Amino acid sequence: MLNRLYNILFANYGDLNWWPAETPFEVCIGAILTQNTNWKNVEKAINNMKIKGVLSPKEILNTDLNVLKDLIKPAGFYNQKAERLQIFCNFIMNQLNGDILNLKKYSIHEARDKLLSLKGVGKETADSILLYALDFKIFVVDAYTMRLFRRYGIGYFDNYDKCQDFVHKDFHGELYDYKNFHACIVEICKTYCKKKPLCNICLLKKYCKKVLE
DNA sequence: AGCCAGGCCTGCC
DNA sequence: GGCAGGCATGGC
């Protein structure tokens, strides 16, 4: 089922080259900043940080909280996100010797639990970091995924874990496919599966018809 | 002008 | 252990 969906999406979108970031650490920053936020606004925030040279855990911790808030303001929720960024950086400095890649020394479950224990890191953020920054093979579920599956009859899931389990059982692919599948889902939903139910254009229905046949 | 965005935490029940 | 309510900016 999901491999057919992915094949169709891939035929249309190809390699979307996710996650858009220059370093694994930048993936993490983006993952926190994009929580319930348009990616274009996140780009502005990350760009502000780059301009000011605030790009590493050390630099983020050395930046005054109010200054940090000002830099990431375009990404919204800047009060909580600035604090969460510093909590995350403290975790990297104190437990990972300053490098997020040291999380790869743990099993995927241990790494996930460590991330989830941080205030401001929920399941989607943790899984995005595991998949796109650390190359752990895990599927990232988001609001788009569950909406797409539900609205077009692929499956109804009332929580994150059940949806992720379904994908892990049904979808067979390499690490790259896990990265690009999630990217393709986001991409098609941006156009054809917005929150409004009436946003369903026939193109998506055609996609799903092919999948469900 | 109004809806929406690549969530998460808290505080109720 | 489910579920509102709050968080905030900018794009379209």
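These numbers were taken from a predicted model, which means no experiment stands behind them.
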Any side-chain donor-acceptor pair under 3.5 Å between [X] and [Y]?
| X | Y | result |
| --- | --- | --- |
| A:Asp113 | A:Tyr106 | no |
| A:Asp127 | A:Gln164 | yes |
| A:Lys105 | A:Asn102 | yes |

* To the nearest 0.5 Å, tell me how far A:Leu96 CG sits from A:Asn90 CG. => 11.5 Å
* Co-members of A:Met93 in a cluster of I, L, V, M, F, W and Y side chains, linked at under 4.5 Å -> A:Leu61
How would you label the contact of [X] with the nucleic acid (heavy atoms, under 4.0 Å): base, sugar-phosphate, or nothing?
| X | result |
| --- | --- |
| A:Asp142 | sugar-phosphate |
| A:Tyr78 | sugar-phosphate |
| A:Lys81 | nothing |

* What are the bounds, 5' to 3', of the part of DNA chain C that sits under 4.0 Å from heavy atoms of chain A? -> C:dC7 to C:dC12
* Asked: If you look only at pairs with a residue in residues 30-85 of chain A, which of them pass as a ring-ring contact (aromatic ring centres under 6.0 Å, His included), with sequence neighbours excluded?
  -> A:Trp19-A:Trp39
* Determine the interplanar angle of the A:His168 and A:Tyr178 rings, folded into 0 to 90°, and report it as parallel if under 30°, tilted if 30 to 60°, perpendicular if over 60°. => tilted
* Considering only the C1' atoms, how many Å lie between C:dT9 and B:dT10, rounded to the nearest integer? -> 22 Å
* How far, in whole Å, is C:dG10 from B:dC9 if one measures between their P atoms? -> 24 Å
* **cation_pi(A:Lys179, A:Tyr132) dist<6.0 Å, angle<=45** => no
* Structure fact -> Listing for DNA chain C: consecutive Watson-Crick or G-U pair runs of at least 3, distance cutoff 3.5 Å, ranges ordered by first number, gives B:2-5 with C:9-12, B:7-13 with C:1-7
* Can you tell me if CZ on A:Phe166 sees more than 12 non-hydrogen neighbours from other groups inside 6.0 Å? -> yes
* Asked: Within a reach of under 6.0 Å around CG of A:Asn97, are more than 12 heavy atoms found that belong to other residues, nucleotides or ligands?
  -> no
In whole angstroms, how far is the [atom2] atom of [N] from the [atom1] atom of [X]?
| X | N | atom1 | atom2 | result |
| --- | --- | --- | --- | --- |
| A:Met146 | B:dG7 | CE | C1' | 11 Å |
| A:Leu85 | B:dC9 | CG | P | 14 Å |
| A:Ile87 | B:dC9 | CD1 | C1' | 11 Å |
| A:Phe77 | B:dT10 | CZ | P | 15 Å |
| A:Asn36 | B:dC9 | CG | P | 13 Å |
| A:Asn38 | B:dC3 | CG | P | 17 Å |
| A:Tyr160 | B:dC8 | OH | C1' | 13 Å |
| A:Asp127 | B:dC8 | CG | C1' | 14 Å |

* Asked: Hey, are A:Glu26 and A:Lys50 close enough for a salt bridge, meaning a charged N less than 4.0 Å from a carboxylate O?
  -> yes
* Does a side-chain N-to-carboxylate-O contact under 4.0 Å join A:Lys169 and A:Asp165? -> no
* Any residue of residues 166-180 of chain A with a heavy atom less than 4.0 Å from an atom of DNA chain C -> none
* Structure fact -> Note: contacts of residues 110-126 of chain A with DNA chain C (heavy atom, under 4.0 Å) are none
* **salt bridge (Lys or Arg N to Asp or Glu O under 4.0 Å) between A:Asp161 and A:Lys123, intermediate numbers included** => CA-CA 9 Å; A:Asp161 294 323; A:Lys123 290 169 183 173; 3.0 Å; yes
* Nearest-nucleotide 5' precedence on DNA chain C, A:Lys44 against A:Arg84 -> A:Arg84
* Structure fact -> The single option from A:Asn180, A:Ile188, A:Val186 that satisfies side-chain contact (heavy atoms from CB on, under 4.5 Å) with A:Cys184 is A:Asn180
